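Reading through the structure tokens given below for one structure.
As the structure is a computational prediction, the values presented were derived from the model and not from experiment. One-based numbering along the sequence shown.
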Amino acid sequence: MTVKEKIQLMIKIHTRVVTGIFLFVCFYLLWLPGDTRIRIIDILGVQLIGLISGVAYLPLMTDKELSKNKMILLNSFYGLTINISVLLFGYFFRWFSFKNIGTVIAIELMFVAVYSLTMFIGYGVDNKQAKKLNEKLRERNQNQESKENNS
């Protein structure tokens with residue numbers, strides 16, 4: 001994988017994560033009473049989480065064939081890294097307090113939902129691209145075989 005492809009993938013991950021967070025935050029804020037404004041610092045925090053999500057994915061961007069166990073381990077580490085960053089930024093930006101366990105549980109549930117949604121969408125997009133590539137390869141191979149048969 002080239003550097004350009006890695007950067008493009010990190011940007012895609014950033015976009016998916018940030019979009020997922022903002023969608024869930026919008027729904028979450030609809031249910032909260034009182035002042036539910038989003039501050040500039042909150043937007044910055046979400047952008048930083050998106051950046052960390054993209055950068056933390058770097059170990060998974062390898063041209064090597066990884067074993068299933070190693071892939072599970074790397075994905076677990078990736079999820080844990082993002083979860084820790086959400087908790088740290090959430091605490092630092094005062095999105096919640098560890099004293100209010102209900103809010104921490106809500107943040108964790110939102111994390112699981114956003115992480116799952118992002119992984120599901122990423123898997124779907126990647127799977128669709130792989131099918132397109134396989135179809136193009138099949139067509140190319142068929143064209144080459146027909147050329148060889150006509151020769």
Side-chain angles (χ1 to χ4, degrees), residues 1-140:
M1 185 177 270
T2 66
V3 173
K4 182 180 177 182
E5 291 170 330
K6 287 180 180 183
I7 291 171
Q8 288 173 336
L9 183 56
M10 287 190 305
I11 290 170
K12 281 183 190 177
I13 291 168
H14 174 272
T15 302
R16 290 175 189 165
V17 168
V18 169
T19 301
I21 290 172
F22 278 122
L23 285 174
F24 276 91
V25 165
C26 286
F27 289 118
Y28 183 74
L29 291 178
L30 285 173
W31 293 11
L32 285 180
D35 185 16
T36 56
R37 288 179 285 171
I38 297 177
R39 303 169 300 165
I40 296 295
I41 195 80
D42 298 330
I43 295 170
L44 175 64
V46 171
Q47 292 294 329
L48 288 171
I49 291 170
L51 177 66
I52 289 171
S53 298
V55 172
Y57 199 76
L58 276 172
L60 295 169
M61 293 185 217
T62 179
D63 293 331
K64 298 177 189 174
E65 189 69 30
L66 298 175
S67 69
K68 185 177 180 180
N69 289 338
K70 190 163 188 174
M71 197 65 173
I72 290 170
L73 182 67
L74 285 172
N75 272 309
S76 298
F77 176 74
Y78 175 66
L80 184 63
T81 302
I82 296 169
N83 193 13
I84 290 169
S85 70
V86 167
L87 291 174
L88 289 175
F89 282 115
Y91 179 75
F92 178 73
F93 291 121
R94 296 187 182 131
W95 297 339
F96 64 89
S97 168
F98 285 109
K99 294 176 185 174
N100 184 345
I101 195 70
T103 308
V104 175
I105 290 171
I107 293 289
E108 282 298 300
L109 290 173
M110 283 186 5
F111 166 76
V112 168
V114 170
Y115 185 79
S116 299
L117 180 67
T118 302
M119 287 297 160
F120 180 74
I121 289 170
Y123 175 78
V125 168
D126 293 344
N127 194 26
K128 192 175 183 179
Q129 285 178 334
K131 285 181 180 180
K132 283 181 183 178
L133 286 173
N134 285 335
E135 183 61 32
K136 286 181 181 181
L137 283 172
R138 234 181 268 118
E139 287 174 9
R140 191 182 86 189

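Around the CD1 atom of I40, the shell of radius 6.0 Å holds no more than 12 heavy atoms that belong to other residues, nucleotides or ligands. The environment of K6 atom NZ is dense: over 12 non-hydrogen atoms of other residues, nucleotides or ligands sit within 6.0 angstrom.
Note: L133 CG to R140 CZ = 11.0 Å, rounded to the nearest 0.5 Å. For the atom pair I105 CD1 and L109 CG, the distance stands at 7.5 Å (nearest 0.5 Å). Between the OG atom in S85 and the CZ atom in F92 there is a gap of 14.0 Å [rounded to 0.5 Å]. Atom CD1 of residue I52 and atom NE2 of residue H14 lie 10.0 Å apart, to the nearest 0.5 angstrom. Going from atom NZ of K136 over to atom CG of N134 covers 11.5 Å, rounded to the nearest 0.5 Å. Taking OH from Y115 and CD1 from I82, the interatomic distance works out to 6.0 Å, rounded to the nearest 0.5 Å.
Counting heavy atoms from C-beta on, the side chains of M10 and I7 come closer than 4.5 Å. For the pair N100 and F96, the minimum side-chain heavy-atom distance is 4.5 Å or more. By the 4.5 Å heavy-atom criterion applied to side chains, E108 and L87 are counted as neighbours. Residues F22 and I43 are in side-chain contact: their nearest non-hydrogen atoms beyond the backbone lie under 4.5 Å apart.
Using a 30° and 60° split on the angle between ring planes, Y78 and Y57 fall in the perpendicular class, above 60°.
With sequence neighbours left out, Y91 forms a ring-ring contact (aromatic ring centres under 6.0 Å, His included) with F98.
For R39 (side chain) and F93 (main-chain N/O), a donor-acceptor pair under 3.5 Å exists by modelled atom type. Judged by distance alone, with hydrogens and angles left aside, the side-chain atoms of N83 form no donor-acceptor pair with the main-chain N or O of L80 at under 3.5 Å.
When all heavy atoms of V18 and Q47 are compared, the pair lying nearest together is CG1-NE2, 3.7 Å. V17 and G50 make their closest contact through CG1-CA, 4.1 Å (heavy atoms, listed as atom of the first residue, atom of the second, distance). Heavy atoms only, all atoms of each residue included: V104 and S97 are closest at CG2-O, 3.6 Å.
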Note to self: The test is side-chain contact (heavy atoms from CB on, under 4.5 Å); show your working for W95 and T103 and say whether it passes.
What the structure shows: CA-CA 9 Å; W95 297 339; T103 308; over 6 Å; no
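Look at R138 and E135 and you find a salt bridge, because one of the NZ, NE, NH1 or NH2 atoms lies within 4.0 Å of a carboxylate O, short of that distance.
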